[in-house]
Novice: 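Below: one structure in structure tokens.
If you're wondering where the values come from, they're calculated on a predicted model, not measured in any experiment.
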Amino acid sequence: MDDFGTGYSSLSNLQSFPFDKIKIDRSFISNLENNRQSQSIVRGVISLAQGLNLPVLAEGVETKEQLRISGARGLQRGAGISDRPPKPD
């Protein structure tokens, strides 16, 4: 399921369709360093994915701090940081 939490990616779809992973939308990751709400949402989505036995990855992980925060919450893979160097801190 791509861009989880936005658009047509509702929770009911998790029961209706077979998925092999959940990908968190970059809008939740971009504010991760300074926004406790984003941190809580990311933590909740990761917990949900783990409960469903699905791997979870996040789009737009561009800084080492975003990678550290999301990784500490159980994120298996961040899309973005491997594609280009992290932004300067």
Side-chain angles (χ1 to χ4, degrees):
M1 180 180 300
D2 196 13
D3 298 334
F4 182 76
T6 63
Y8 295 105
S9 298
S10 73
L11 289 174
S12 64
N13 286 338
L14 290 172
Q15 294 181 326
S16 302
F17 302 102
F19 292 101
D20 60 350
K21 66 180 166 282
I22 293 178
K23 185 166 39 169
I24 302 171
D25 186 70
R26 73 180 60 248
S27 63
F28 297 108
I29 301 301
S30 65
N31 293 323
L32 198 56
E33 295 163 278
N34 303 310
N35 187 314
R36 286 185 177 261
Q37 290 175 327
S38 291
Q39 292 174 15
S40 294
I41 290 167
V42 168
R43 183 174 45 248
V45 172
I46 291 170
S47 179
L48 175 67
Q50 289 171 338
L52 295 170
N53 231 6
L54 293 171
V56 62
L57 60 107
E59 294 179 331
V61 178
E62 296 181 348
T63 69
K64 290 178 184 177
E65 186 65 8
Q66 289 169 341
L67 186 62
R68 185 194 66 74
I69 292 169
S70 55
R73 283 155 179 74
L75 184 74
Q76 285 99 354
R77 185 167 160 228
I81 200 162
S82 60
D83 298 337
R84 57 188 169 273
K87 292 179 182 176
D89 294 353

Novice: About how many Å separate CD of Gln37 and CG of Leu32, when rounded to the nearest 0.5 Å?
Specialist: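 CD of Gln37 is found 12.5 Å from CG of Leu32.
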
Novice: To the nearest 0.5 Å, what is the distance between NZ on Lys64 and CD on Glu33?
Specialist: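 The NZ atom of Lys64 sits 12.5 Å away from the CD atom of Glu33.
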
Novice: Can you check whether Arg36's main-chain N or O pairs, donor with acceptor, with Ser40's side chain at less than 3.5 Å?
Specialist: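 Answer holds: yes.
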
Novice: Of the options Val56, Ile41, Ile22, which is the one that meets Ile46 in a side-chain contact (heavy atoms from CB on, under 4.5 Å)?
Specialist: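 Only one of Val56, Ile41, Ile22 forms a side-chain contact (heavy atoms from CB on, under 4.5 Å) with Ile46, namely Val56.
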
Novice: Please test Ile24 against Glu59 for side-chain contact (heavy atoms from CB on, under 4.5 Å), starting from the C-alpha separation and ending with a verdict.
Specialist: CA-CA 6 Å; Ile24 302 171; Glu59 294 179 331; over 6 Å; no

